[in-house]
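Just below is one structure, and these are the notes that go with it.
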Amino acid sequence: MPAPIRLRELIRTIRTARTQAEEREMIQKECAAIRSSFREEDNTYRCRNVAKLLYMHMLGYPAHFGQLECLKLIASQKFTDKRIGYLGAMLLLDERQDVHLLMTNCIKNDLNHSTQYVQGLALCTLGCMGSSEMCRDLAGEVEKLLKTSNSYLRKKAALCAVHVIRKVPELMEMFLPATKNLLNEKNHGVLHTSVVLLTEMCERSPDMLSHFRKLVPQLVRILKNLIMSGYSPEHDVSGISDPFLQVRILRLLRILGRNDDDSSEAMNDILAQVATNTETSKNVGNAILYETVLTIMDIKSESGLRVLAINILGRFLLNNDKNIRYVALTSLLKTVQTDHNAVQRHRSTIVDCLKDLDVSIKRRAMELSFALVNGNNIRGMMKELLYFLDSCEPEFKADCASGIFLAAEKYAPSKRWHIDTIMRVLTTAGSYVRDDAVPNLIQLITNSMEMHAYTVQKLYKAILGDYSQQPLVQVASWCMGEYGDLLISDQCEEEEPVQVTEEEVLDILESVLISNMSASVTRGYALTAIMKLSTRFTCTVNRIKKVVSIYGSSIDVELQQRAVEYNALFKKYDHMRSALLERMPVMEKVTTNGPTEIVQTNGETEPAVLETKPPPSGLQPTSQANDLLDLLGGNDITPVIPTAPTSKPASAGGELLDLLGDLNLTASPASVAAPQISQPPFLLDGLSSQPLFNDIAAGIPSITAYSKNGLKIDFTFERSNTNPSVTVITIQASNSTELDMTDFVFQAAVPKTFQLQLLSPSSSIIPAFNTGTITQVIKVLNPQKQQLRMRIKLTYNHKGSAMQDLAEVNNFPPQSWQ
Amino acid sequence: MIKAILIFNNHGKPRLSKFYQRYSEDTQQQIIRETFHLVSKRDENVCNFLEGGLLIGGSDNKLIYRHYATLYFVFCVDSSESELGILDLIQVFVETLDKCFENVCELDLIFHVDKVHNILSEMVMGGMVLETNMNEIVTQIDAQNKLEKSETFIFQSPRQDR
């Protein structure tokens, strides 16, 4: 068998291939040759063959038959063989193959080899792909090498230790004694990897964190030496002495100083020094500055330092280098929650970044802009954002549209502005809007009664020319159906009211029906709209009848069904037609599960992650009467849906009631539309993304549940149409005294046979003199139809003192629970 | 942590691929293709940071890349690494290659993939930065190469010149 060709020749041959097929052929031929060579157990050429195999693996061809050969190479005595063998192990093997365990013994021997490079190879391989079993076996060896004086090996051992800790966290304590004098090293490589090891340990265990806090002065000293040391040729990168080490130390300082006043104090000076002395002309300096800023923002630094940090970020924003700007936007996004006002100062620069050509920068700027929108700047910001929506890439449009909707809902200065904004979004980015924007918009329009004429005029004008954007057409058809009479009656505040006739309106709706661009849902909207107009228009009823009857034989089943039913309405039930097609009542804005809903937080602004609620028993003191079952009200903040279902079974002991957590979601557009918490289905039956059309006019009388010391709480009731055992109570709390009541918390408890669910309150402050109210929704499940009773507990701050009161509510009207 | 280091040329042919997190071979090739696709679309004067693609991405990971002549050097990192620091690291890596290969060009990387891997192993280990001092790295590499050469001499075997 001729000697296998060298790697270089193989590469040369492959490069001559002109097509993919040719290349594949060559590779297959070579693979066959390699396989037979492996079978011959030839020690001399094994190394060459495996090298070729690795090359082919990189190109994407299967190379698994070389795995055992790598092991044989590792076991060989020659350094050359070991080098290729270990490389092959790192590239081809992983913990999923059992073969890798055979390496453990070889690595163990090599860790104790006389040549440091062999030891280095072994450490490297273990640190890259060691599985947990291997790490457990070999951790002792690694720990031994961590204490050696050979800096080459020590630094590798440190990183290997990090890998071991990642794989087997329980072994962390084993490395603790070895870390004692790691920081005393002079060698920068060892220092660097030691800091990485310390960082990993601190991140994983709070005990380690407190233990290592005492290292802060030493770290500060090292950092100081680096900055002051002047020019040192070996570690110099563009004029700064070992920036990598500086950055690492800064990061470790950040972790140590978080939430700890003493450490933060010790660091203040050095951070100020780095922030002011670092040269910013090159990327290196900026890297250090950036890290310093992040550290300042994270620890408990003094306010002067924080202002310095934000100003540095502001300067970054103006830098010509795109990378710096990108990095500045990212860090501003992180700090905008905590230092909102400081970031607001840079708002104009951030908004300018929206016009940048770079996609990454635009995305960051968009997210940051949404975070900065508040009641004061909403008009200006919205103008910029709408302009951005016009001109941005399609991948942004969906997020931008959702963000605009959210911001508009939170801060709209007036209903007209709100509707205008939504219309603008629908016309510019109509096809990218999310599906639930349509029902939300419809609800908004219904609720603003004075704007009906204006809205329908605008919508009519919008779709006159172009009815391809489905959400816009859907909303427009619905509105024209509802308010068609306002449209033709010419009553509107618009500057140039459009003279519309009934025929024109029907023309538009019919063209929507016919058009190929309309989705089936849109056609449904149009057909229903036409039908509704039969009661609102006077001259064109015959035309409407004709249209409706045509669609009685439509291929689309939904359309056909609607048309047939409407036809029947005309023929047999004409007397009911006007009642059925009456104007829609104002829809109650029930807090829904849609991701576009606003979150009513209790004044907290941090979007912290909500852990599953601890069982209620641990929370409230049981000093109350035995059967008052204090519940954690729905007043908890930050209702991010936990990933695990949080339904708690009714405790068998019967004392505690089920508390089903909040249903609200955070309002950020980027957050995943969370699935429903898996709760007993009945309570959620009535809730869907469409608001409940509860019949308020059915007249369940509302009651005053509590009235004392100027605080009045009213209950209004609704019964769910789909689930008769659910009663939805909306409480309204008002304050007739001269001072506001703050930190208002409402809690309720019901007897054992009931289930209770509290949603988030609208706020926690009741303004004085009845100028405003807090509303909160309570859902009560009453499967046994027993008489509803409730105990409520109120806590609030008033006139500087904390007030608390308990009361029982017994005057529930029978219609609310029967 | 560095999740992956990829080097490919202007046409997407991989010149070096090192993954520090486990992916199957198919996924690895897909990642290379996807990364090339994302990176090649970039203009010359935009920033060097990209959100990762679907495969190696996720909200945490970023692609940090630099374009030198005909090669793209791409590091996929998670949020624990400083982005600007990684940019400098790429620069140091390329300078080290330059020192080891004397005016390195793409052909050097093509024909000496294993040597490039060795140099990389001296700089990044297990996804973490090991050594950034160029001279130190070059010294170690030279010593190890000498060790190899001495072996071939001692054992008098046919030239193991790969």
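As a basis for the values below, the full set of heavy atoms in this structure was taken, side chains included, without hydrogen atoms, waters or symmetry mates.
If you take CG on B:L50 and CG on B:N61, they are separated by 12.5 Å, rounding to the nearest 0.5 Å. Here the straight-line distance linking atom CD1 of B:I110 with atom CD1 of B:I7 works out to 11.5 Å at 0.5 Å rounding. Atoms CZ and CG, on A:R46 and A:L73 in that order, are 6.0 Å from each other to the nearest 0.5 Å. Residue B:H117 holds its NE2 atom at 14.0 Å from CD of B:E122, rounded to the nearest 0.5 Å. Expressed to the nearest 0.5 Å, how far SG of B:C76 lies from CD of B:E81 amounts to 11.0 Å. Here CG of A:L91 is found 11.5 Å from CD of A:Q67. Values are rounded to the nearest 0.5 Å.
Neither the backbone nor the side chain of A:L357 comes within contact range of chain B; no heavy atom of the residue lies under 4.5 Å from a heavy atom of that chain. Heavy atoms of A:I14 lying under 4.5 Å from chain B are absent altogether. Within the 4.5 angstrom heavy-atom criterion, no atom of B:V124 approaches chain A. Interface remark: A:T199 contributes no atoms to any contact with chain B (heavy atom separation under 4.5 Å). Residue contact with chain B, scored on non-hydrogen atoms closer than 4.5 Å, is absent for A:Y86. Heavy-atom distances place the side chain of A:V196, and not its backbone, under 4.5 Å from chain B. At a 4.5 Å heavy-atom cutoff, the contact between B:Q28 and chain A is made by side-chain atoms alone. Both the backbone and the side chain of B:L89 come within contact range of chain A, with heavy atoms under 4.5 Å apart. Residue contact with chain B, scored on non-hydrogen atoms closer than 4.5 Å, is absent for A:D356. Within the 4.5 angstrom heavy-atom criterion, only side-chain atoms of A:T193, from C-beta onward, approach chain B. For B:L120, no part lies near chain A; criterion is any non-hydrogen pair under 4.5 Å. Heavy atoms of B:D26 lying under 4.5 Å from chain A are absent altogether. When heavy atoms are compared at a cutoff of 4.5 Å, B:R42 approaches chain A solely by way of its side chain, counted from C-beta outward. Of the atoms belonging to A:K52, not a single heavy atom falls under 4.5 Å from chain B. The parts of A:F79 that come within reach of chain B are both its backbone and its side chain, each placing non-hydrogen atoms under 4.5 angstrom from that chain. If you measure heavy-atom distances from A:R166 to chain B, the contacts under 4.5 Å come from the side chain alone.
Remark: the B:Y68 side chain and the B:Q91 side chain contain an N/O donor-acceptor pair separated by less than 3.5 Å.
Put simply, of B:E25, B:E136, B:K18, B:M125, the one with the most heavy-atom pairs under 4.5 Å next to chain A is B:M125. Counting heavy-atom pairs closer than 4.5 Å to chain B, the top-ranked of the candidates A:E291, A:H163, A:R251 is A:R251. With chain A as partner, the option from B:E83, B:Q144, B:E95 having the largest number of non-hydrogen pairs under 4.5 angstrom is B:Q144. Comparing B:G127, B:G85, B:S80 by how many heavy-atom pairs each has under 4.5 Å with chain A, the most go to B:S80. For the set A:H64, A:R15, A:E203, A:R248, the count of heavy-atom pairs under 4.5 angstrom toward chain B peaks at A:R15. When each of A:H192, A:R83, A:K156 is scored by its heavy-atom pairs under 4.5 Å with chain B, the top score falls to A:R83. Here A:L59 is the residue among A:I361, A:D321, A:L59, A:L54 with the most heavy-atom pairs under 4.5 Å with chain B. Top candidate by heavy-atom pairs under 4.5 Å with chain B, chosen from A:V247, A:V162, A:L87, is A:L87.
Counting only distance, with no hydrogens or angles, the side chain of A:Q246 and the backbone of A:S241 share a donor-acceptor pair below 3.5 Å. Judged by distance alone, with hydrogens and angles left aside, the side-chain atoms of A:R325 form a donor-acceptor pair with the main-chain N or O of A:N319 at under 3.5 Å. For B:D108 (side chain) and B:C105 (main-chain N/O), a donor-acceptor pair under 3.5 Å exists by modelled atom type. Side-chain atoms of B:T132 do not come within 3.5 Å of backbone N or O of A:F244 as any donor-acceptor pair.
Within 6.0 Å of the CG atom in B:D43, the count of heavy atoms belonging to other residues, nucleotides or ligands exceeds 12.
Contact annotation: the side chain of B:Y23 never approaches that of B:Q29 to less than 4.5 Å [non-hydrogen atoms, C-beta and beyond].
For the side-chain contact (heavy atoms from CB on, under 4.5 Å) test with B:I86, the passing option among B:Y65, B:F75, B:F49 is B:F75; the others fail.
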